[in-house]
Amino acid sequence: MTTEAEPAPAGAAGPDDAEVGRRFAAGEEQALAWAYERWAAQVHGMAVRAFGPGPDAEDVTQQVFVSAWTGRAGYRPEQGPLPAWLTGVCRHKIADTWARRDRQRRATEAAVAELNAAPAGGPAPVDSTVADRVLLLGELDRLGQPQRGIIELAFFADLTHTQIAERTGLPLGTVKSHIRRTLERLRDRLEVDGAALHA
Amino acid sequence: MPHCTPEDLGLAALGEPLADDEAAHLADCAACRGEVARLRRVVDALAVPELAAPGPAVAPPPGLWAGIAAATGVAAAPRADVVAASAPAAGPVPDVVPEPLPAPLPAEPAGPMAPVVPLRSRRSRLLLAAAAALVAGLGIGAGAVALATRGDDGVPVAATVLDPLDGSDASGRAEVVERADGTRVLQVELSAGAPTEGYYEAWLLDESVSGLIPLGVVRAGTEEFELPAGLDLGEYPVVDVSVEPLDGDPAHSGVSVARGLLDA
Ligand SMILES: [Zn+2]
């Protein structure tokens with residue numbers, strides 16, 4: 001819903017994108033190869049935007065396709081195109097990589113502090129934004145449609161509620177109230193579980 | 001004037017302009033502004049450029065598929081020329097490479113004082129190695145961590161999930177069980193492909209990751225290690241699994257694949 005399927009590259013034979021999505025969900029191996037041909041550059045481009053070109057971006061790209069394949073039971077073709085789902089998986093992998101780096105940073109800072117016999121200032125603080133992202137992306141996964149598609153257009157495509165109504169064909173009031181309820185749900189998740197996470 | 005509607009507060013949190021009346025009220029009302037600020041935290045966390053809808057496509061390097069094929073066991077392969085043609089070949093770097101991230105690793109390796117910070121250059125190789133082993137049937141599938149049944153002669157006193165580090169697919173669970181005679185055993189349940197070289201070893205680390213106690217070799221599945229008497233788990237609460245080369249060096253290799261913090 002949030003990501004328009006790119007047209008298949010010129011000269012690429014094979015079924016259309018929707019059919020690739022259905023065959024992917026059905027576990028047909030050729031569909032993974034087709035998905036890679038069509039959307040690996042898009043996924044890798046996202047990872048490069050987050051980490052710059054190099055091993056981190058490449059690791060994330062690999063993880064996205066491996067997780068998407070092993071977790072294909074979680075993909076519902078009727079809920080949206082496969083590239084949009086891959087984009088969502090990529091968001092998780094990017095956020096996970098941030099969180100891992102944060103853990104490593106804290107471990108390293110603690111080690112250095114100990115070696116320098118620095119006065120104990122307690123463990124280095126958790127980067128709460130990093131933890132918030134992992135938590136909230138998980139909560140997004142729990143949303144049904146059209147709530148999820150609406151909030152993704154607001155967050156990730158930077159559309160106004162008017163533009164979202166035009167794009168989805170839903171009434172303006174419906175879009176506004178879905179946005180409100182989803183934001184409140186995510187806020188509650190942060191304030192309840194986020195607080196425990198950072199404690 | 002009454003408070004803003006919840007719908008308008010949501011739009012304000014997203015940065016959308018409000019009608020003049022509403023905007024004027026918001027400017028003056030601490031209650032409404034407070035509510036916007038709470039919602040805004042959600043928006044600030046998620047509506048960031050790095051997570052936005054895909055921007056410029058960047059063709060992945062040719063070798064990337066091999067790791068995916070190895071990890072999934074899928075025999076079908078994408079056509080290299082089609083992949084290469086799927087993004088402008090001349091421009092592998094997007095216009096804007098953002099500042100590196102909320103939580104980058106320190107630029108300088110911390111040297112001997114931080115022996116278990118994983119080494120960057122080994123990362124992709126590790127993923128490939130672990131993935132290849134999965135295909136060979138040596139490992140347990142990702143996400144398929146089945147809890148082993150354990151003997152009933154013991155009381156669990158601490159446990160943790162072992163989270164994969166640095167692109168490894170290793171994960172699992174660790175639990176400390178106290179037996180009737182007062183001895184304690186650490187059970188490590190590892191789901192991972194066998195490394196192509198070397199072996200996995202379990203360690204207990206202190207929270208600063210600077211002090212460590214070697215426990216022994218771990219294979220995929222469940223292993224038990226008797227803990228030294230008098231060992232303070234509060235002091236060494238981190239369970240770490242590393243890949244060790246067969247080089248006879250008893251020190252930690254610096255390549256950790258999974259780690260967890262025991263909740264005592
Ligand atoms: Zn008010």
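Keep in mind that what you see is a predicted model, and the values were worked out from it rather than measured.
More than 12 heavy atoms of other shown residues, nucleotides or ligands fall within 6.0 angstrom of atom CG in B:Asp44. Annotation for B:Asp232: atom CG counts as buried by contact number, over 12 foreign heavy atoms lying within 6.0 Å.
Contact annotation for B:Leu14: only side-chain heavy atoms (C-beta onward) come within less than 4.5 Å of a heavy atom of chain A. Using a 4.5 Å cut-off between heavy atoms, B:Glu16 contacts chain A through its side chain alone, with no backbone atom that close. Both the backbone and the side chain of A:Glu184 come within less than 4.5 Å of a heavy atom in chain B. Looking at A:Ile179, only its side chain comes within 4.5 Å of chain B, counting heavy atoms on both sides. Neither the backbone nor the side chain of A:Ile151 comes within contact range of chain B, judged by heavy atoms closer than 4.5 Å. Neither the backbone nor the side chain of B:Ala80 comes within contact range of chain A, judged by heavy atoms closer than 4.5 Å. For chain B, the nearby parts of A:Leu183 are the backbone and the side chain; heavy atoms of each come within less than 4.5 Å.
Between chain B and the residues A:Ala154, A:Ala95, A:Ala33, the most heavy-atom pairs under 4.5 angstrom are made by A:Ala33. For the set B:Ala75, B:Ala45, B:Ala77, B:Gly10, the count of heavy-atom pairs under 4.5 angstrom toward chain A peaks at B:Ala45. With respect to chain A, the highest number of heavy-atom pairs below 4.5 Å among B:Asp81, B:Val74, B:Val83 belongs to B:Val74.
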Apply salt bridge (Lys or Arg N to Asp or Glu O under 4.0 Å) to the pair B:Glu50 and A:Arg49, showing each step before the final yes or no. CA-CA 6 Å; B:Glu50 292 91 339; A:Arg49 187 177 55 194; over 6 Å; no

For B:Asp163 and B:Arg259: C-alpha separation, side-chain torsions, deciding distance, then whether salt bridge (Lys or Arg N to Asp or Glu O under 4.0 Å) applies. CA-CA 5 Å; B:Asp163 289 317; B:Arg259 204 177 280 171; over 6 Å; no

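Put simply, the side chain of A:Trp39 reaches to within 4.5 Å of the side chain of A:Val20, judged on heavy atoms.
Within the 6.0 Å centre-distance limit, the rings of A:Trp69 and A:Phe24 are counted as a close aromatic pair.
With A:Gln42 as the partner, the side-chain contact (heavy atoms from CB on, under 4.5 Å) test is satisfied by one option alone out of B:Pro54, B:Pro56, B:Ser86: B:Pro54.
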